[in-house]
Amino acid sequence: MALTTLPISPRSLCFDKDVFMKENFDVDQFVAECRRRVSLETLREDLEVYYKLLRSAMIELINKDYADFVNLSTNLVGMDKAINNLSVPLGQLREEVMTVRTAMDTAVQEIENKLATRAAIRDKKACLQRLMNITHSVEKIEKILDIQDQGQGDGERELTGQLIERVATEFNQLQFYVTQSKGLPLVEKIRPRIAAITTTLQHSLETSFLEGLRTSNRDILRQCLRTYATIDKIKDAEALFRQTIVKPYMEEVLTEAVLMSHPQGLKGLYSRVLDFIPAHCKPLREVTTGLVPSSAQGEVVRGYDFLVNAVWPEVIAGLEKRTPSIFAPGNPSMFHQKYSTSMNFLDAFELECGSQASVKRLRSHPSYNTFMTKWSLPVYYQIRFQEIGGALETSLMSPFNNASDKTLFQLNAPYTLWQCMAKCWVQDIYLSPLCHRFWKLTLQLLSRYGTWVKEIREKEIPKKGTEQTGQASTGTTSTTTAIMTYTSTMTTVTTTPASLASTPGPSSQGTTPSSPLVTMTQIVCLVTDSDTIIDKVEEFFSTVIQPRIAAVGVKNTDVLTDALGESKELISQELPGFGDYIVQQIAEHCVVNLKPANDIPRLYRRTNREVPSKASSYVSATVKPLQVFLEEHAVIISASRRSQWMVSILNVVTERYYSVTDDILTAVKKMEDSLKRLKKLRKGDSGNSSSSGGMSDDDKIRLQLVLDVKQFGEEIQALSVPLDAISTYRQLVELVESAQTNSAQPQ
């Protein structure tokens with residue numbers, strides 16, 4: 001039932017009647033959608049209403065065509081007889097159509113055969129015409145050239161430029177006809193005569209061309225080159241120029257004898273090669289390029305490039321055959337010099353080409369690729385790699401030797417690293433085709449140095465810490481002895497040759513078995529030199545490396561900068577370990593001098609000493625190792641490292657000082673309370689625990705500690721360190737002042 005026959009449904013129904021006519025109608029989906037709008041009872045009622053409506057429409061439709069349904073069988077009576085009556089004439093009609101079709105196919109086939117015959121006749125006629133044209137052209141050219149039937153010229157007549165051009169035009173047409181008629185008997189029979197014409201014409205062209213070159217006659221050259229282009233023999237003209245003009249000159253110039261005897265060596269040899277261009281190629285360039293002003297008077301013959309196709313291949317062939325020594329990579333310095341000179345020659349030759357199109361033809365020429373591949377750049381790089389990398393590895397065998405130039409670096413290893421990095425990009429070593437390799441080598445050098453620094457931190461620093469711990473266990477009791485021990489150590493650092501101090505293995509007979517492999521000065525120099533490398537490498541990249549990278553066409557250097565940052569991070573991440581070690585060692589030398597502070601109660605208790613008025617000597621002795629360290633390394637340590645290490649050392653010392661002072665005050669407080677309890681028990685006994693002025697011994701001890709702490713603060717300030725930077729010092733001052741204040745209050 002079509003949609004148009006559906007009865008009109010009431011608008012009150014909860015569904016659309018057209019949904020039942022969809023091909024993908026689904027009952028479950030229909031019920032689910034209707035349930036969202038109405039209840040199931042309402043849906044059932046609406047469906048019953050629509051069902052009754054459809055039933056009524058169906059009954060009405062049947063009643064409308066009922067008469068046709070009833071008469072359907074009556075109308076079909078006699079239909080078989082009618083069909084039989086039609087079958088006979090239809091069969092006859094079919095036979096007639098087949099007869100006509102057969103006749104038409106026969107007529108079409110005859111026509112196609114006649115057309116094919118006509119096409120064959122036409123082709124034979126065209127072939128005959130070409131053969132007649134070939135015969136006519138051969139006879140015409142032979143007549144112009146005075147060639148006899150036997151194919152031999154009389155050899156007496158000289159062809160003028162116009163005559164040669166006329167013959168070339170006719171010969172070009174002859175070549176076209178011969179190509180179209182290839183394989184025919186007449187063409188094969190006449191081919192010797194064509195060969196004689198070709199030889200005669202080529203000989204005349206060569207004679208005229210060479211005469212034009214000898215006399216520098218632009219008109220003759222223009223006619224000859226135009227003729228060569230007409231007969232499609234441009235390559236022959238270029239080959240003739242190469243064999244007769246270029247080759248003799250290059251055989252004389254490109255020899256080992258000239259290379260060895262010329263004052264300028266290879267550069268002078270290339271200069272003589274370049275001199276050939278203005279001396280022998282000027283007329284041809286004027287005629288073929290149109291770039292020279294004098295050629296404006298005549299026609300420019302396009303399609304020739306004598307520099308690329310004649311001069312350049314002969315130059316390369318001569319270099320390969322007669323001067324192969326220039327490509328030898330055994331001596332890297334000579335190889336670099338010859339390669340650079342050759343590239344300069346190549347640039348000068350490209351300038352002589354005169355146009356971008358000519359330069360592109362030069363760079364795509366097979367001999368150009370041959371010339372570039374003759375240079376063993378990978379071998380040269382391997383030699384330089386071994387030279388530069390070997391220098392760094394050699395320096396790491398004695399890394400703590402003094403640098404030969406202490407302008408930037410103190411130790412041999414960092415100095416050699418910087419020199420090796422500079423060598424990668426110096427003019428006498430760097431080659432632009434190896435830019436990526438030298439960049440990789442630069443990163444490898446930094447990585448190797450960073451690995452070495454890591455090894456020193458992981459192996460030598462713990463070993464040195466263990467040795468000094470063993471030395472500390474033997475004990476140094478007095479302040480003076482402690483200061484002298486540190487001072488002598490620093491003196492030994494500055495006087496002992498670094499090579500001995502840095503050589504691993506057993507100690508020699510002249511040194512003590514406990515002498516450290518790496519001294520304090522060497523550690524300081526290592527940190528300072530590493531800081532210098534980290535600070536300078538970015539400037540080195542921007543001023544030296546980046547211009548060379550930009551010259552080879554690399555514009556986005558973000559990746560390179562990130563790689564360089566990773567290499568710097570590899571070094572910088574190891575330096576805090578060295579700094580912690582330095583802080584620890586200097587702080588231990590300072591803290592050992594705090595031991596006399598424990599003797600202050602003994603000095604004042606029941607000794608009747610005067611009231612203290614100045615600080616103890618141990619205070620200045622405590623800071624003395626730090627002062628000695630700073631004085632001996634004043635030239636080496638940078639301002640930032642100096643400030644960082646001083647603050648760290650003083651923080652450690654102040655924390656230990658706070659601990660010692662707190663222990664003393666606690667012990668004094670306990671003793672004071674004990675004496676007071678004892679005094680109460682022995683009321684009549686007057687222990688003489690006070691000295692002149694009525695100040696007790698405990699108050700004298702507290703006062704002495706206050707004076708010492710203030711003196712310690714002055715010593716810190718004398719080092720140009722603000723007291724605010726030492727976080728524990730404020731607590732230390734409050735500790736001694738509060739103890740003094742509390743003792744002064746009446747009990």
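Here the structure is a predicted model, which means the values were calculated and not measured. Numbering starts at 1 and runs along the sequence shown.
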Nearest atoms (heavy-atom pairs only) where Pro612 meets Leu707: O-CD1, 3.7 Å

For the CG atom of Leu626 and the SG atom of Cys590, what is their distance to the nearest 0.5 Å? 5.5 Å

Hey, what do you get for CE (Met520) to CD (Glu632), rounding to the nearest 0.5 Å? 11.0 Å

A side-chain contact here means heavy atoms from C-beta on lying under 4.5 Å apart; do Ser342 and Leu266 qualify? yes

Any side-chain heavy-atom pair of His436 and Lys440 under 4.5 Å: no

Can any side-chain N or O of Asp529 pair as donor or acceptor with the backbone N or O of Gln410 at less than 3.5 Å? yes

Indicate whether the side chain of Tyr658 and that of Gln731 have a donor and an acceptor atom separated by less than 3.5 Å. no

Under 3.5 Å, side chain of Gln522 to main-chain N/O of Thr519, donor-acceptor pair present? yes

More than 12 foreign heavy atoms under 6.0 Å from CZ of Arg641: is that the case here? yes

Mind checking the CG-NZ spacing from Leu392 to Lys423? Nearest 0.5 Å is all I need. 11.0 Å

Taking all atoms of both residues into account, what is the closest heavy-atom pair of Met421 and Leu445, and its distance? N-CD1, 3.9 Å

Once you measure the plane-to-plane angle for Trp418 and Phe409, does it fall in the parallel (<30°), tilted (30-60°) or perpendicular (>60°) bin? tilted

Worked check of side-chain contact (heavy atoms from CB on, under 4.5 Å) between Arg656 and Val653: CA-CA 5 Å; Arg656 189 70 65 84; Val653 174; 5.8 Å; no

Separation between OG1 of Thr661 and CD1 of Ile600, rounded to the nearest 0.5 Å: 8.0 Å

Are the aromatic rings of Trp452 and Tyr449 close, with centres under 6.0 Å apart? yes

Is any NZ, NE, NH1 or NH2 atom of the basic residue among Glu574 and Lys454 found under 4.0 Å from an Asp or Glu carboxylate oxygen of the other? no

Nearest heavy-atom pair of Thr622 and Pro625: which atoms, and what distance? O-CD, 3.4 Å

Between Phe712 and Tyr729, how do the two ring planes meet: parallel, tilted or perpendicular, split at 30° and 60°? tilted

For the residue pair Val453 and Ser530, what are the closest heavy atoms and their distance? CG2-OG, 4.5 Å

Expected output: side-chain Thr557 to main-chain Leu560 donor-acceptor under 3.5 Å: no

CE/Met343: more than 12 non-hydrogen atoms of other groups inside 6.0 Å: yes

Test item: Thr528 side-chain N/O and Val524 main-chain N/O as donor-acceptor pair under 3.5 Å: yes

Any sub-3.5 Å donor-acceptor pair from His336's side-chain atoms to Pro332's backbone N or O? no

Do any N or O atoms from the side chain of Asn593 and from the backbone of Ala621 form a donor-acceptor pair under 3.5 angstrom? yes

Hey, does Tyr618 have a side-chain heavy atom less than 4.5 Å from the side chain of Lys595? no

Side chains of Arg457 and Gln573 only: does a donor on one sit below 3.5 Å from an acceptor on the other? no

What's the spacing between Met334 CE and Thr341 OG1 if we round to 0.5 Å? 9.0 Å

Could you go through Phe400 and Asn412, starting from their C-alpha distance and side-chain angles, then the distance that decides it, and tell me whether this counts as side-chain contact (heavy atoms from CB on, under 4.5 Å)? CA-CA 6 Å; Phe400 295 105; Asn412 182 38; over 6 Å; no

If the test is ring pair (Phe, Tyr, Trp, His ring centres under 6.0 Å), which one of Tyr380, Trp375, Tyr339 qualifies with Phe327? Trp375

Return the OG to CG distance between Ser340 and Asp428, rounded to the nearest 0.5 Å. 8.5 Å

So do the side chains of Ser572 and Glu569 get within less than 4.5 Å of each other, counting heavy atoms only? yes

Ser620 side chain vs Ser617 backbone, donor-acceptor pair below 3.5 Å: yes

Check the side chains of Asn401 and Ser398 for a donor-acceptor pair under 3.5 angstrom, ignoring hydrogens and angles. yes

Find out whether Tyr581 and Ile523 are in side-chain contact, i.e. whether some heavy atom of one side chain is under 4.5 Å from a heavy atom of the other. yes

Polar side-chain atom of Ser567 near backbone of Ala563 as donor-acceptor pair, under 3.5 Å: yes

Does a side-chain heavy-atom distance below 4.5 Å link Lys568 with Leu446? no

Give me the atom names and distance for the closest heavy-atom approach of Arg548 to Cys435. O-SG, 4.5 Å

Less than 4.5 Å apart, any side-chain heavy atom of Tyr657 and any of Val591? no

Side chain proximity check, Leu570 to Ser447, heavy atoms < 4.5 angstrom: yes

Working for ring pair (Phe, Tyr, Trp, His ring centres under 6.0 Å), residues Phe438 and Tyr381: CA-CA 8 Å; Phe438 281 113; Tyr381 173 76; 5.6 Å; yes

Check the pair Val736 / Arg702 against side-chain contact (heavy atoms from CB on, under 4.5 Å), numbers first and verdict last. CA-CA 7 Å; Val736 296; Arg702 295 187 183 95; over 6 Å; no

Distance-only donor-acceptor check, side chains Asp708 and Ser616, under 3.5 Å: yes

Heavy-atom closest pair, residues Gln711 and Ala615: CB-CB, 3.4 Å

Ring centroid separation for Phe541 and Trp439, is it under 6.0 angstrom? yes

Is the count of non-hydrogen atoms from other residues, nucleotides or ligands lying under 6.0 Å from Glu538 atom CD greater than 12? no

Go through Val623 and Ile716 one step at a time and tell me if the side-chain contact (heavy atoms from CB on, under 4.5 Å) criterion holds. CA-CA 8 Å; Val623 188; Ile716 293 175; 5.8 Å; no

